[in-house]
Amino acid sequence: MIKKFYSLLIFLTTLAAIAKAQNFEVNKIEPPNWWSGMKLNKIQLMVYGKNLDGISASFTDEKIKVLKIHSAESSSYSFIDIEIPNILKPGNYKLNISKGVSSVSINFPVYKKLNTAGNFKGFTQKDVIYLILPDRFADGDTANNNFPGMPDKCNLKNPIDRHGGDIQGIINHLDYLKNLGVTALWISPLVENNTEKHLYAYAGYSATNLYKIDPRFGTDELYKKLVKDAHTLGLKIILDHVSNHISVSHPWMKDLPFHDWINGTVNHHLATNHDKLAFADIHRDSSTIFINTHGWFTDYLPDLNQANPYLANYLIENTIWWIESTGVDGIREDTYPYSDQQYLARWAKTILEEFPNLNIVGEVWTGDAVFLSTFQRNNCYPKMTNTNLPAVTDYALYDCITAFLKGKTGLGPIYEDFAKDFIFPDPDNLVTFIDNHDVVRALLQADGNVNKYKMALTLLLTSRGIPALFYGTEIGIEGGNSNDLARADFPGGFPGDKENAFTQSGRTEKENDIYNYVHNLLLLRSEHKSLSEGRLIQFPPSHETYVYFKSYGDEKMMIVLNNNRTDEEMGLSPFKDQLTGYTQIKNLSSGKVSKLDANTIIKLDDESANIFQLNKN
């Protein structure tokens with residue numbers, strides 16, 4: 001009797017196992033395709049479905065090798081390591097996945113690589129970046145403003161709701177951007193953010209699908225068109241990428257591949273301490289870094305654990321997939337100090353090996369230049385891991401400019417900040433700015449003082465680094481004292497707008513004054529390499545007058561900022577070493593040319609920025 005019982009139990013167990021095997025499903029594979037001839041030709045496919053533990057896999061064409069299959073803790077996922085020969089002919093290849101007596105075939109395209117000519121160009125100090133928050137820039141297709149099953153609805157009246165800006169809106173205004181004089185567009189993340197209402201998903205940093213453009217912004221194909229159209233006009237595109245976190249609404253959160261796919265759980269997790277200094281602090285306790293990299297920004301942004309090797313592979317391949325799919329020219333990596341630094345060093349190294357001309361800027365929000373410099377690659381701190389990160393955001397200079405705009409300090413701290421450039425391996429590869437999408441706008445910081453605003457703009461566009469303008473900075477958008485209010489709609493970009501600041505006739509007198517000032521600065525910068533690529537030579541400010549020179553070959557400019565509320569006259573004898581050999585000085589604003597000698601006096605308007613060209617004839 002007992003023997004019959006055990007026989008029946010074995011039979012039922014076997015039957016259940018067969019039934020489970022027969023019920024396995026494959027719903028999705030990421031990345032959905034790859035390319036022939038990539039340096040990263042050994043990749044790891046993430047397979048989504050049901051009952052995927054214990055699967056087998058092979059390609060019909062044996063030239064693509066399956067190297068290894070990894071089961072996840074959740075049977076809803078499996079990971080397949082494959083190798084794609086560099087000489088493989090582009091085409092559709094069948095991946096056969098089986099379990100027991102059941103099998104499925106999945107189409108896996110292998111494409112021809114994009115032509116490097118015109119793509120993957122990088123960005124340098126020759127460029128001027130224009131930061132666009134698509135939802136607030138222009139609505140080019142009102143039909144995609146709302147979708148069933150996406151609860152975050154479009155509502156122009158509420159600053160924390162979606163407003164409907166999209167990829168088509170950017171495409172429609174590429175000519176405006178080209179004519180303005182910027183050369184690269186940094187666009188905040190466009191991937192799907194299908195979150196609950198009021199989780200700030202309009203900004204794009206709450207991903208629910210890392211391989212899909214949010215339909216309210218457009219489609220993958222429309223994004224490719226944007227890149228192509230921008231390149232045709234000579235504009236570069238910078239992809240905004242996030243390794244640090246996802247949305248709590250991401251499908252992973254209902255069924256994690258591994259328990260350590262994220263740090264902690266929805267109900268039990270650390271809050272980050274935002275301590276970016278600990279990485280270089282030789283006196284730190286290890287828990288300080290742990291809390292910084294394992295803590296969550298907010299309860300609705302689960303912190304990804306890049307120390308999980310499968311997740312690390314996923315994120316690296318995801319970044320490369322977007323670059324190769326679209327031809328973008330650079331990456332802006334969000335919340336750089338909050339991710340696992342060993343992972344990020346590998347991430348940057350792998351990307352730059354694949355795309356050597358690309359540039360990557362990491363968002364490092366610290367106002368201390370010393371600590372900021374520790375994140376740039378090849379720095380002078382031997383005890384730290386080489387980050388392999390070419391560029392960082394210059395929050396140190398931003399803090400100095402903001403204090404100046406608010407009247408808390410004069411020009412001295414700006415001079416002192418530039419004097420610290422010796423600690424950076426490459427100070428020209430710092431991305432500089434006077435405001436962005438995470439801070440109060442510069443004109444509001446200046447309490448509406450347009451003269452000081454123009455001084456800050458001149459400093460930004462004629463000193464060192466890679467300058468970045470926030471959308472609307474060129475017309476003096478002030479916004480308000482919160483992120484949502486600072487991210488004001490660009491006038492003329494949305495249905496019902498009473499003015500259209502994309503056109504001269506549609507702008508107010510004040511907006512045209514600021515626009516013309518920015519446009520002329522950008523024009524000068526494009527015409528004179530000394531202003532963009534030149535060596536910076538500065539003098540200590542005297543009586544709130546700050547003088548610095550930019551030289552490139554035989555071309556030399558003198559920039560003078562007068563922070564006094566009175567007109568000033570300035571002799572040039574303190575700068576005689578920089579003036580030797582030059583006989584004329586030309587004011588590039590007025591066009592006035594004056595004789596240059598030991599007795600030359602220049603006149604400076606109150607609260608003004610002045611650019612002078614030095615000539616030898």
Side-chain angles (χ1 to χ4, degrees), residues 129-147 150 152-156 158-178 180 182 184-195 199-210 212-230 233 235-242 247 322 326 328-332 334 435-438 441 468-475 477 479 483-495 497 501-502:
I129 298 171
Y130 190 87
L131 165 56
I132 296 176
L133 205 66
D135 185 66
R136 304 300 164 92
F137 186 64
D139 187 353
D141 182 4
T142 57
N144 67 10
N145 285 352
N146 295 294
F147 277 87
M150 304 190 92
D152 197 15
K153 303 301 182 184
C154 181
N155 178 12
L156 282 163
N158 192 335
I160 67 173
D161 282 336
R162 285 186 173 272
H163 289 186
D166 49 31
I167 296 172
Q168 189 61 53
I170 300 173
I171 292 174
N172 292 349
H173 294 97
L174 287 176
D175 286 336
Y176 165 83
L177 297 168
K178 176 68 176 178
L180 173 63
V182 297
L185 309 182
W186 155 23
I187 303 169
S188 64
L190 294 162
V191 294
E192 181 190 272
N193 277 228
N194 188 14
T195 68
L199 295 186
Y200 307 101
Y202 70 82
Y205 296 94
S206 307
T208 56
N209 187 331
L210 293 171
K212 180 184 178 184
I213 296 293
D214 193 298
R216 291 162 296 187
F217 288 140
T219 64
D220 292 11
E221 291 305 312
L222 190 62
Y223 182 50
K224 293 176 185 178
K225 183 181 187 302
L226 166 63
V227 177
K228 184 178 179 181
D229 289 355
L233 289 174
L235 297 171
K236 302 175 181 180
I237 299 291
I238 300 170
L239 175 77
D240 202 336
H241 185 264
V242 186
S247 168
W322 278 111
T326 61
V328 296
D329 304 289
I331 299 291
R332 182 263 186 185
D334 187 61
D435 53 15
N436 64 26
H437 59 319
D438 287 327
R441 285 185 176 265
L469 296 171
F470 190 24
Y471 78 93
T473 293
E474 74 275 20
I475 57 169
I477 290 179
N483 279 353
D484 299 303
L485 294 175
R487 300 164 180 174
D489 295 342
F490 195 103
F494 298 86
D497 282 355
F502 288 111

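We're numbering straight along the sequence, starting at 1. Heavy-atom basis, side chains included; hydrogens, waters and symmetry copies ignored.
Counting only distance, with no hydrogens or angles, the side chain of Lys225 and the backbone of Asp220 share no donor-acceptor pair below 3.5 Å. No donor-acceptor pair closer than 3.5 Å links the side chain of Asp435 to the backbone N or O of Arg441.
The one candidate from Asn146, Asn145, Asp161 that meets the side-chain hydrogen bond (donor to acceptor under 3.5 Å, both in side chains) condition with Asn155 is Asp161. In summary, of the residues considered (Ile171, Ile213, Leu190), a side-chain contact (heavy atoms from CB on, under 4.5 Å) with Leu222 occurs for Ile171 alone. None of Asp229, Ile237, Leu226 except one satisfies the side-chain contact (heavy atoms from CB on, under 4.5 Å) rule with Ile170; the exception is Leu226.
At a threshold of 4.5 Å between non-hydrogen side-chain atoms, the residues Asp484 and Tyr202 count as touching. The shortest side-chain heavy-atom distance between Pro491 and Ile475 falls under the 4.5 Å cut-off. You'll find the side chain of Asp135 reaches within 4.5 Å of the side chain of Phe217, heavy atoms only. When side chains are defined from C-beta on, Pro134 counts as touching Ile187, because their heavy atoms get closer than 4.5 Å. You'll find the side chain of Asp152 reaches within 4.5 Å of the side chain of Arg216, heavy atoms only.
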(Q) Checking Leu177 against Leu185 for the side chain to side chain contact (heavy atoms under 4.5 Å, CB included) test, could you report, in this order, the C-alpha distance in whole Å, the side-chain angles of both residues, the deciding distance, and whether it holds? (A) CA-CA 9 Å; Leu177 297 168; Leu185 309 182; 3.8 Å; yes

Q. Going through the distances and angles, do Tyr223 and Thr326 end up as a side chain to side chain contact (heavy atoms under 4.5 Å, CB included)?
A. CA-CA 8 Å; Tyr223 182 50; Thr326 61; 3.7 Å; yes

**Q.** Stepwise salt bridge (Lys or Arg N to Asp or Glu O under 4.0 Å) check, Arg487 with Asp438
**A.** CA-CA 9 Å; Arg487 300 164 180 174; Asp438 287 327; 3.3 Å; yes

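A parallel orientation is assigned to the rings of His173 and Phe502, their planes being inclined by less than 30° (bins at 30° and 60°).
For Arg136 and Tyr471, the positive end is not near the middle of the six-membered ring at less than 6.0 Å and at most 45° from its axis.
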